[in-house]
Every structure is written in structure tokens, then in C-alpha cells.
Peer 1: 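Before anything else, here's the structure in question.
Just so it is clear: chains get the letters A, B, ... in the order the sequence lines come, proteins before strands, and each one is counted from 1.
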Protein chains: 2
Amino acid sequence: MDEALRAIADPTRRAILMLLRDGEVAAGDIAQRFPALSRPAVSQHLRVLAHAGLVEVRRDGNRRLYRLRREGLAEAAGFFTEMWSDRLGRLKHAAEREERQQRTHMRDEDERGPA
Amino acid sequence: MDEALRAIADPTRRAILMLLRDGEVAAGDIAQRFPALSRPAVSQHLRVLAHAGLVEVRRDGNRRLYRLRREGLAEAAGFFTEMWSDRLGRLKHAAEREERQQRTHMRDEDERGPA
DNA sequence: AAGCTATGTAAGCTCGTTCTTAAACACTTA
DNA sequence: TAAGTGTTTAAGAACGAGCTTACATAGCTT
């Protein structure tokens with residue numbers, strides 16, 4: 001998930017993923033969509049995406065067809081669901097904690113940070 | 001949205017966001033959770049997050065309380081929804097395009113490589 | 001005002017990322 | 001097998017990200 005989010009941080013790689021939404025695309029065809037970049041540059045981006053589990057490759061004769069790996073995408077999106085989920089439960093805890101804190105108002109230096 | 005995805009790519013910043021799920025936290029309290037990092041490092045991460053629209057700051061006397069900015073988070077998540085959405089419409093287009101391509105099978109060298 | 005606490009900014013270093021060119025690899029066709 | 005496509009790998013340059021230390025700023029407290 002870590003690698004996927006890092007991979008997605010790059011705008012070129014996001015554009016590549018967008019390109020793959022509709023189905024398989026050959027590496028060369030992908031590269032053609034980025035006139036500003038050399039083919040090796042695109043190839044390296046594809047490698048990063050593959051390593052991150054966001055795309056899969058398939059050989060078709062000479063060419064390599066890349067396709068989206070939706071599981072990988074969902075896994076990356078997991079961060080957002082994690083950010084949103086269980087919100088009520090945590091809010092309850094937070095409220096209790098805050099109440100306790102407000103009552104005692106302890107500001108002493110007892111080990112606040114665990115290992 | 002670009003900056004937000006970039007910001008989220010960093011694990012420390014993700015951890016900070018997680019920390020803020022439950023409500024406001026002061027900069028110093030955040031920094032305490034990262035014993036491996038100096039306080040300026042955390043401060044800089046917070047700046048990046050603020051710039052990306054993922055957190056908001058509020059002054060409370062001496063301290064600065066950071067809180068999550070859910071709109072920013074949703075905007076960042078927009079990439080994923082964009083990846084998933086409108087899939088059927090695009091698939092239809094892709095099918096047509098593929099059909100046309102398969103029929104004519106044009107592979108000639110019309111200016112593929114510009115300057 | 002002086003000094004403390006809480007926090008941000010600046011400057012500089014290190015390391016990782018992204019690009020380029022040159023070369024290698026793999027498959028196809030003559 | 002030799003030449004031709006399509007694509008990746010290698011090596012190195014340039015740039016940016018993230019860290020640290022030192023310093024600056026802002027508010028509170030005496």
C-alpha cells in the first residue's frame with residue numbers, strides 16, 4: 001500500500017493509470033501519449049507501477065500489454081477508507097479522553113509518549 | 001489534488017493525518033509521537049499538509065492546533081473515484097475504437113515522433 | 001521587561017527520484 | 001541466421017524531498 005501511494009503521487013504515472021482504464025495498452029502506445037518523455041522514462045514508470053501492484057503485464061509477441069490491477073488500486077484507496085472508517089467509535093473515545101483531561105487538567109510530564 | 005496526493009505519499013504525513021482523525025492536536029503533541037524525528041521535521045510535514053489543503057491550523061494561545069480538512073481528503077480521494085467512474089461509457093468507446101482499428105489495421109509511419 | 005514555552009523558518013547536507021542516452025534483450029520475419 | 005521491431009536495463013546527471021542544527025517569532029507568566 002505504501003508503494004502504491006508513492007507511485008500514485010507522480011502525475012505521469014497517474015496519467016498512465018488513466019490511460020489503462022479502458023483496457024490493455026502496449027508499452028509503446030503508452031509512450032506515444034507522452035511526447036515530452038523518452039520511451040525508457042515511460043518504461044521505468046511502468047516498472048514502478050508494476051512493482052506497486054497497480055498494473056500487470058502480459059506478453060503478446062513482441063509487445064508488452066499493460067493493464068490495470070484494480071485490486072492494487074483498491075488497496076491504495078484503503079488509506080482513505082481507513083481515514084474515514086470507525087470515526088464514530090474513535091470520536092466516542094476522544095470525547096471521554098477529553099472529558100477526563102478537562103476535569104483533571106493534568107499537564108505534568110509523566111511519560112506521555114510510549115515506546 | 002496534485003499536492004494532496006504527493007503529501008499523502010509520505011508515511012510520516014499519513015501517520016500525522018491518522019493522528020488527527022479524532023480531533024485537534026497541538027503541533028508539539030504531534031511531534032511527541034515521532035521520537036525518531038526532530039520537531040522542525042514534523043513542523044515541515046505539517047506545512048506540506050496545510051499547503052496541500054489536508055489540514056487546517058488554529059491558534060490557541062501559545063499553541064497551534066491542527067485539525068483534519070476532510071474536503072481536502074475527499075478531493076485527493078477524487079483520483080480513485082475518477083479511476084473507477086464512468087467505466088462503462090469509456091468501455092463502449094474503447095470497443096468502438098478497437099473495432100475500427102482492427103478493420104483498417106493502419107500501421108504506417110505518419111508523423112509519430114515530433115521534435 | 002525578562003524569561004519561559006510553543007512553534008515556525010533558514011541554511012545546508014544527504015539521499016532518492018526522474019530523466020537522458022547508450023546498450024542489451026526478446027521476439028518476428030526474411 | 002541476420003536484420004528489424006518493441007521494449008527494458010544500465011549508468012550517470014540534475015533536481016527535489018526530507019532531515020538536522022541554529023535561529024527567529026509569538027504568546028504567556030512573573
Peer 1: Could you measure the distance from the CG atom of B:L17 to the CZ atom of B:R69? Nearest 0.5 Å is fine.
Peer 2: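 B:L17 CG to B:R69 CZ: 12.5 Å, rounded to 0.5 Å.
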Peer 1: Can you give the donor-acceptor pairs under 3.5 Å from side chains of residues 49-62 of chain B to other protein atoms, not counting sequence neighbours?
Peer 2:
unit_1: B:E56; atom_1: OE1; unit_2: B:R67; atom_2: NE; d: 3.3
unit_1: B:E56; atom_1: OE1; unit_2: B:R67; atom_2: NH2; d: 3.3
unit_1: B:R58; atom_1: NE; unit_2: B:E24; atom_2: OE2; d: 2.7
unit_1: B:R58; atom_1: NH2; unit_2: B:E24; atom_2: OE1; d: 2.7
unit_1: B:R58; atom_1: NH2; unit_2: B:E24; atom_2: OE2; d: 3.4
unit_1: B:D60; atom_1: OD2; unit_2: B:R63; atom_2: NH2; d: 3.2

Peer 1: Could you state whether B:L65 and B:L19 fall into the same hydrophobic cluster, counting links through intermediate Ile, Leu, Val, Met, Phe, Trp or Tyr residues with side-chain heavy atoms under 4.5 angstrom apart?
Peer 2: no
Peer 1: Quick one, give me the B/S/- string for nucleotides 23-30 of chain C, reading 5' to 3', where B means a protein heavy atom under 4.0 Å from the base and S means that only happens at the primed atoms, P, OP1 or OP2.
Peer 2: ---BBS--
Peer 1: Can you find a side chain N or O atom of A:Y66 that sits less than 4.0 Å from OP1 or OP2 on D:dT8?
Peer 2: yes
Peer 1: For A:R14, check side chain to side chain donor-acceptor pair (under 3.5 Å) against everything at least two apart and list the hits.
Peer 2: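 For A:R14 the side chain to side chain donor-acceptor pair (under 3.5 Å) partners, ignoring immediate neighbours, are B:D2.
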Peer 1: Between A:I30 and A:L20, is the side chain to side chain contact (heavy atoms under 4.5 Å, CB included) condition met? List the steps.
Peer 2: CA-CA 9 Å; A:I30 296 173; A:L20 296 181; 4.1 Å; yes
Peer 1: For side chain to side chain contact (heavy atoms under 4.5 Å, CB included), just list the numbers for A:Y66 and A:I16, CA-CA rounded to whole Å, side-chain angles, deciding distance to a tenth of an Å, and then say yes or no.
Peer 2: CA-CA 10 Å; A:Y66 283 85; A:I16 290 176; over 6 Å; no
Peer 1: Could you pull out all donor-acceptor pairs under 3.5 Å where a side-chain atom in residues 36-48 of chain B meets a protein atom, sequence neighbours excluded?
Peer 2:
unit_1: B:S38; atom_1: OG; unit_2: B:A41; atom_2: N; d: 3.4
unit_1: B:H45; atom_1: ND1; unit_2: B:R13; atom_2: NH1; d: 3.1

Peer 1: For B:R58 and D:dG27, what is the distance between atoms CZ and P respectively, to the nearest whole Å?
Peer 2: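 Rounded to whole Å, this separation is 15 Å.
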Peer 1: Between atom CG in A:L49 and atom C1' in D:dT7, what is the gap in whole Å?
Peer 2: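 That distance rounds to 16 Å.
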Peer 1: To the nearest 0.5 Å, what is the distance between CG (A:L73) and CH2 (B:W84)?
Peer 2: 5.5 Å
Peer 1: Can you work out whether B:A27 or A:R39 has the more 5'-proximal nearest nucleotide on DNA chain C?
Peer 2: B:A27
Peer 1: Looking at B:R47, I'd like to know whether one of its side-chain N or O atoms comes within less than 4.0 Å of OP1 or OP2 on C:dG8.
Peer 2: no
Peer 1: Quick one: does B:R21's side chain have a donor or acceptor within less than 3.5 Å of a partner on B:M18's backbone?
Peer 2: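 The answer is yes, because a donor-acceptor pair under 3.5 Å joins these two groups.
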Peer 1: Going 5' to 3' along nucleotides 12-19 of chain C, which nucleotides have protein heavy atoms under 4.0 Å from the base (write B), which only from the sugar-phosphate (write S), and which from neither (write -)?
Peer 2: -----SSB
Peer 1: If you look at every strand shown and take non-hydrogen atoms under 4.0 Å, does B:A26 touch a base, only sugar-phosphate, or nothing?
Peer 2: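 If one applies the 4.0 Å heavy-atom cut-off, B:A26 turns out to touch the sugar-phosphate alone, with no base involved.
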Peer 1: At what angle, to 10 degrees, do the two end axes of the helix from C:dA1-D:dT30 to C:dA30-D:dT1 meet, given five pairs define each axis?
Peer 2: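 Answer for the end axes of this duplex: 10°.
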Peer 1: For the pair made of CZ in B:R14 and C1' in D:dG18, what is the distance, rounded to whole Å?
Peer 2: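 After rounding, the gap between these two atoms is 15 Å.
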Peer 1: Roughly how far, to the nearest 0.5 Å, is CZ of B:R6 from CG of B:D10?
Peer 2: 10.5 Å
